[in-house]
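Order of the sequence lines fixes the chain letters, A, B, ..., with proteins taken first and strands second; residue numbering starts at 1 for each chain. Quantities reported herein were computed from a predicted structural model and do not represent experimental measurements.
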2 protein chains.
Amino acid sequence: MNRKLSSIFPLTDEEARAIRELPIQVVELKSGQDIVRLGERPYQCCLILQGFTCVYKLSVGGKRQIMALHVPGDIPDLQSLHLEVMDISIASISPCAVGFFQHEDARRMCEHHPRLTAAFWRETLIDASIYREWLLNIGQRDAYARVAHLLCELLIRLRAVGLVEDHSFELPITQEEMADTIGISAVHVSRTFQALRNAGLIETTRTRIHLPDWEGLMETGEFDPLYLHLRGEAA
Amino acid sequence: MNRKLSSIFPLTDEEARAIRELPIQVVELKSGQDIVRLGERPYQCCLILQGFTCVYKLSVGGKRQIMALHVPGDIPDLQSLHLEVMDISIASISPCAVGFFQHEDARRMCEHHPRLTAAFWRETLIDASIYREWLLNIGQRDAYARVAHLLCELLIRLRAVGLVEDHSFELPITQEEMADTIGISAVHVSRTFQALRNAGLIETTRTRIHLPDWEGLMETGEFDPLYLHLRGEAA
DNA sequence: CGAAGCATTGAATTTTCTCAAGGTCTGTGG
DNA sequence: CCACAGACCTTGAGAAAATTCAATGCTTCG
């Protein structure tokens, strides 16, 4: 959590210590398990230590929209600190390790360290900024650009937590999940991947993605990392 | 601001007074004016007193996505309190009155009234919740349901600030703006409105919308107001 | 090895878009 | 007060993007 938080917000030693001392219960999850469900009233938040999770909702017709992907260091349900009832569900999309901390403990910590309140608040604001960019992505770009944009974002976010090597990263996500993330069908994801491969913009193995032409992919996806609000070097 | 805030967060008298005493500079705007632009570093926030504004971004190809519509009582750029650089632009879509308050003043007020910090934070979390619902709307529903959903949301939000009478409200928005909001073309908005009229779900005049079949429209739009996190009576 | 899940490909269909023309409303200036 | 310009809305027709359905192939894991 420190690593992630300090990538978006500089912490003093004392603040860093307060965070380390926050009691955390670590849980291991298999892929495809719900962590929290729409309608629940949680009293804790979950910090991702390892693996990937997604935030999703189902439409009445049973279609799933994935509204967010979260990576190690993220706190996907930080909102529950101030919104009693969950308006989303969160599930693991790979084997995960997550750490639960109590709202109560987090609130107490924030009272003693007001700058941590600001840091957490900022974190939720960046989540919101990503939602906005995804709205632009889904609302205005075609499938080809949508995929490119998403891959660019994942590279930058994963690099910020040290999970990228040479423009290449693990992405244990099925094409069906990617489809639900960018609002197209799974079949069309497959076709779009083909097109991106043929254009020399991506190389994939089952669980790993390599982006051999970063400049080209950024242009294709109209990607500008401003909206991620990283401090320090970004693109 | 009090009316809106207290609809999502109960305030004490003292807190209400602190808000009333926040220095505000009122400005009148014509329709179609930018209030703040992507890339800027504002030192103030804007509270909408009258009229409608939208949050938007342009794609490289020049297409516009409207990520949010804001109504009186909303603070569309509250995020700028903790995110230095704007990642969006905000414009009026009708004649507006807005009140600017300084970040500095808001921060001081929050220090003295920690529960107001929570109230503002909560407000930004609800904005985020709306973004998520819009992602579901744009990503998974067809044009017909998208329009229905948006109209349901606007009715509920406008009713919370007293701008609805008998399932009818002013909506000074062009079909082009609505198109950019829900990610379809303006032509298709027109066709979709026709279909909704023929189904007896909406009645429109130039600037006013009436929803004669509220139950039917909610069902069509798969609308559930949970995500708006209103306190007290909702639907 | 075999089953299950995942990915790919083709073909037909649907939704939505674009282009283009015509119609309606509204505010302004003569 | 009326005519007109400009913005906005409507409608049709053809085109494009993406979907669905269905069949086949590939991996991985027990």
Please determine, by modelled atom types, if [X] and [Y] share a side-chain donor-acceptor pair under 3.5 angstrom.
X: A/Gln194; Y: A/Arg197; value: yes
X: B/Asp34; Y: B/Tyr56; value: yes
X: A/His103; Y: A/Ser80; value: yes
X: A/His229; Y: B/Glu84; value: no
X: B/Gln79; Y: A/Arg122; value: no

task = Identify which one of A/Gln65, A/Lys57, A/Arg64 satisfies the side-chain hydrogen bond (donor to acceptor under 3.5 Å, both in side chains) criterion when paired with B/Gln140.
result =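 That would be A/Gln65.
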Problem - Interface with DNA chain C, restricted to residues 196-212 of chain A and to heavy atoms under 4.0 Å - result: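 A/Arg197, A/Arg206, in order of number.
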- Do A/His149 and A/Phe223 pass the ring pair (Phe, Tyr, Trp, His ring centres under 6.0 Å) test, and can you show the C-alpha distance, the side-chain angles, and the key distance before you say yes or no? CA-CA 6 Å; A/His149 188 282; A/Phe223 183 76; 5.2 Å; yes
TODO: Would you mind checking if A/Asp74 and A/Arg157 are paired as a salt bridge, meaning a charged N to carboxylate O distance below 4.0 Å?
DONE: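 Yes, A/Arg157 and A/Asp74 are salt-bridged.
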Short N-O contact, B/Arg141 and B/Glu133, less than 4.0 angstrom:
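Answer for the salt bridge query: yes.
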* With B/Arg208, which residues qualify under salt bridge (Lys or Arg N to Asp or Glu O under 4.0 Å), at least two apart? ->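 Per chain and number, B/Arg208 pairs via salt bridge (Lys or Arg N to Asp or Glu O under 4.0 Å) with B/Glu170.
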What are the bounds, 5' to 3', of the part of DNA chain D that sits under 4.0 Å from heavy atoms of chain A?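 Footprint of chain A along DNA chain D, 5' to 3': D/dA18 to D/dT28.
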- Query: Using the C1' atoms of five pairs at each end, what's the angle between the two axes of the helix from C/dC1-D/dG30 to C/dG30-D/dC1, to 10 degrees?
  - Reply: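 Result, rounded to 10 degrees: 30°.
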Given protein heavy atoms under 4.0 Å, the one-letter contact record of nucleotides 9-22 of chain C, with B base, S sugar-phosphate only and - none, is simply BBB----SSBB---
Within 6.0 angstrom of B/Gln175 CD, more than 12 heavy atoms from elsewhere =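 Correct, the count exceeds 12.
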Are more than 12 heavy atoms, taken from residues, nucleotides or ligands other than B/Gln33, located less than 6.0 Å from that residue's CD atom?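 Yes.
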Is a side-chain donor or acceptor of [X] paired with a backbone partner of [Y] at a separation under 3.5 angstrom?
X: B/Ser129; Y: B/Tyr227; result: yes
X: A/Arg146; Y: A/Ile138; result: yes
X: A/Thr174; Y: A/Glu177; result: yes

Could you run down the sub-3.5 Å N/O contacts of the protein with nucleotides 1-4 of chain C?
none

Worksheet item: Does A/Gln175 have a side-chain nitrogen or oxygen under 4.0 Å from the phosphate oxygens OP1 or OP2 of C/dT8?
Response: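 Result: yes.
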